[in-house]
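Convention: sequence-line order gives letters A, B, ...; per-chain numbering from 1. In what follows, every heavy atom counts, from backbone to side chain, and hydrogens, waters and symmetry copies are set aside.
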There are 2 protein chains.
Amino acid sequence: MSDIPLLRRSPVLRRDCNLAKSFERIGDCWTLLILRSALYGVRRFEDFRAELDVPRSVLSNRLAALVANGIMERREYREEGQRARIEYPLTRMGQGLALPFMAITQWADKWLGGGHSPLTLRSKSTGQRLSVALVDERCRRAEKADIEFVIDAAIARRAERGRRT
Amino acid sequence: MSDIPLLRRSPVLRRDCNLAKSFERIGDCWTLLILRSALYGVRRFEDFRAELDVPRSVLSNRLAALVANGIMERREYREEGQRARIEYPLTRMGQGLALPFMAITQWADKWLGGGHSPLTLRSKSTGQRLSVALVDERCRRAEKADIEFVIDAAIARRAERGRRT
DNA sequence: CAGTATCCGGTCTGATACTG
DNA sequence: CAGTATCAGACCGGATACTG
């Protein structure tokens, strides 16, 4: 069934792995839900709370962590004649999560939504449907069998050594 | 800073959203780490445990959930002359997570790893570097400003109604 | 509106020991 | 090797009240 070759250990140690590091920052159910809303454009404490039905203490805690990690920003702003308000916009780092989230959405639409997509992406100019894909430098789709992992030499050595200790 | 337009509510209700559903299944730090290892080729209980240093009870629990959700499979197998063993290979659904994980890796390499990538993907045949991107049907990269959300009409109506109740 | 403070009950974590 | 059993304690969720 699985065509992934059996390995006893990952080729990259967990502490060298940026993917693993990212889980510490965004690998939590509430955090992921907050980011989902944020990517759609929600920015205010009370809006997050109402939409997600998350306890205030949890929301407060998660927003603080996201700000500390540089994914969101806490900003005071003032609309014409209104009193000051707080908003939590995504930083550029946070906005960069759009592509990963789209990739997950694509996966989820296929496997959890029975192929049905509540939300799809389209090109404004051509109307074509957009999708997430693995492409080469000339933007040609990669064939599954043609993909190869390349491990940074220094990192691979560390993993080898780490294996023995 | 943020060019995402302010919204009071997400355009898709949480219960209609496959992205949100996926968080219930894979939105947990241990589960994500297990999947990371699995995508590299780790398949055995003891190997996951040793590599991640995860408590047995937690690992047992997470593997069971992943199997129940159809992401992994529990399989008994037997090598020549050896005694029976158990392995947890990814199902096709689980293997489908490779693309989302690559997208997160790309994000993490840029923002958490200072642009340094321990592991990159390459085309075996052409040697070109591979990356995750948003493309149209003819596999042309989408311009950021040219992207548009399309919400399924029925879903949008439900969200409208949900907003008032 | 955007939080902080407090509290309690429950679940999950992680450690350790045990089993077929 | 691949788990189950047990258990104390940390942590989390949810409720409610309060503040500037």
Side-chain angles (χ1 to χ4, degrees), chain A residues 2 6-9 14 20 23-34 37-38 41-68 71-90 163, chain B residues 2 6-9 14 20 23-34 37-38 41-69 72-90 163:
Chain A
S2 174
L6 174 67
L7 233 61
R8 305 295 311 272
R9 289 291 184 279
R14 184 172 158 193
F23 298 155
E24 291 161 25
R25 290 165 169 79
I26 63 168
D28 158 87
C29 201
W30 284 123
T31 301
L32 289 165
L33 286 169
I34 291 167
S37 297
V42 177
R43 294 219 254 304
R44 308 210 277 229
F45 189 95
E46 198 50 34
D47 291 343
F48 286 118
R49 207 209 50 75
E51 160 149 314
L52 301 175
D53 200 29
V54 48
R56 292 168 178 287
S57 50
V58 174
L59 180 58
S60 180
N61 170 301
R62 297 299 192 281
L63 286 174
L66 285 164
V67 170
I71 294 171
M72 288 180 131
E73 191 186 342
R74 182 183 197 278
R75 194 166 53 182
E76 200 161 317
Y77 72 106
R78 181 181 297 277
E79 287 162 354
E80 309 296 304
Q82 306 280 78
R83 69 191 170 91
R85 270 172 157 282
I86 309 288
E87 64 172 2
Y88 293 89
L90 291 164
R163 208 137 298 171
Chain B
S2 174
L6 175 66
L7 233 62
R8 306 294 313 271
R9 290 288 184 280
R14 183 170 158 195
F23 299 155
E24 291 161 25
R25 288 166 170 80
I26 63 167
D28 158 85
C29 201
W30 283 123
T31 301
L32 289 165
L33 286 170
I34 291 166
S37 296
V42 177
R43 291 215 262 291
R44 308 210 277 230
F45 189 95
E46 197 50 33
D47 291 343
F48 285 118
R49 205 209 52 76
E51 160 150 310
L52 300 176
D53 202 28
V54 48
R56 292 167 180 288
S57 50
V58 174
L59 179 58
S60 181
N61 170 300
R62 296 300 190 280
L63 286 174
L66 285 164
V67 169
N69 286 324
M72 288 180 132
E73 191 187 342
R74 184 183 194 277
R75 193 166 54 181
E76 200 162 318
Y77 72 105
R78 180 182 297 278
E79 287 163 353
E80 308 297 304
Q82 306 281 77
R83 70 193 170 91
R85 268 171 158 284
I86 308 288
E87 64 170 3
Y88 293 89
L90 291 164
R163 210 138 295 171

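Distance Leu66(B) CG to dG3(D) P: 13 Å, rounded to the nearest Å. Rounded to whole Å, the distance from OH on Tyr77(B) to C1' on dA2(D) is 12 Å. If you measure from atom CD of Glu76(B) to atom C1' of dG20(C), you get 13 Å, rounded to the nearest angstrom. When rounded to the nearest whole Å, the span between CZ of Phe48(B) and C1' of dA2(D) equals 13 Å. Here dA2(D) presents its P atom at 7 Å from CG of Asp47(B), a figure rounded to the nearest Å. In this structure, the CZ atom of Arg44(B) is 9 Å from the C1' atom of dC1(D), given to the nearest Å. Between the P atom of dA2(D) and the CZ atom of Arg43(B) lies a distance of 12 Å, rounded to the nearest Å. Spacing between atom CZ of Arg85(B) and atom C1' of dA2(D) amounts to 10 Å, rounded to whole angstrom units.
Side-chain contact check for Glu46(A) versus Arg56(A): some heavy-atom pair is nearer than 4.5 Å. The closest side-chain heavy-atom distance from Val67(A) to Glu73(A) is not below 4.5 Å. Counting heavy atoms from C-beta on, the side chains of Ile86(A) and Arg44(A) never come closer than 4.5 Å.
The side chain of Tyr88(A) lies closest to dA2(C), out of dC1(C), dG3(D), dA2(C).
The minimum heavy-atom distance between Phe45(A) and Leu59(A), with the atom names listed, is O-CD2, 3.4 Å. The shortest heavy-atom contact between Trp30(A) and Arg14(B) is CZ3-NH1, 4.1 Å.
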Taking protein heavy atoms under 4.0 Å as touching, what does nucleotides 4-16 of chain C look like 5' to 3' if B marks base contact, S marks sugar-phosphate-only contact and - marks none?
B--------SBB-
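Ion pairing between a basic and an acidic side chain is recognised when a charged N comes within 4.0 Å of a carboxylate O; Arg75(A) and Glu87(A) show such pairing.
For Phe23(A), the ring-ring contact (aromatic ring centres under 6.0 Å, His included) partners at least two apart in sequence or on another chain are Phe101(B).
Within 4.0 Å of Arg49(A), counting heavy atoms only, lies no atom of the nucleic acid at all.
In terms of position along DNA chain D, the nucleotide closest to Arg8(A) lies nearer the 5' end than the nucleotide closest to the other residue of the pair Arg8(A) and Val54(A).
To the nearest 0.5 Å, atom CZ of residue Arg62(B) and atom CG of residue Asp28(B) are 4.0 Å apart. Between the CZ atom in Phe48(A) and the CG atom in Leu33(A) there is a gap of 11.0 Å [rounded to 0.5 Å].
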Dot-bracket summary - DNA chain C, pairs being Watson-Crick or G-U whose distances fall under 3.5 Å, with | when paired to another strand
||||||||||||||||||||
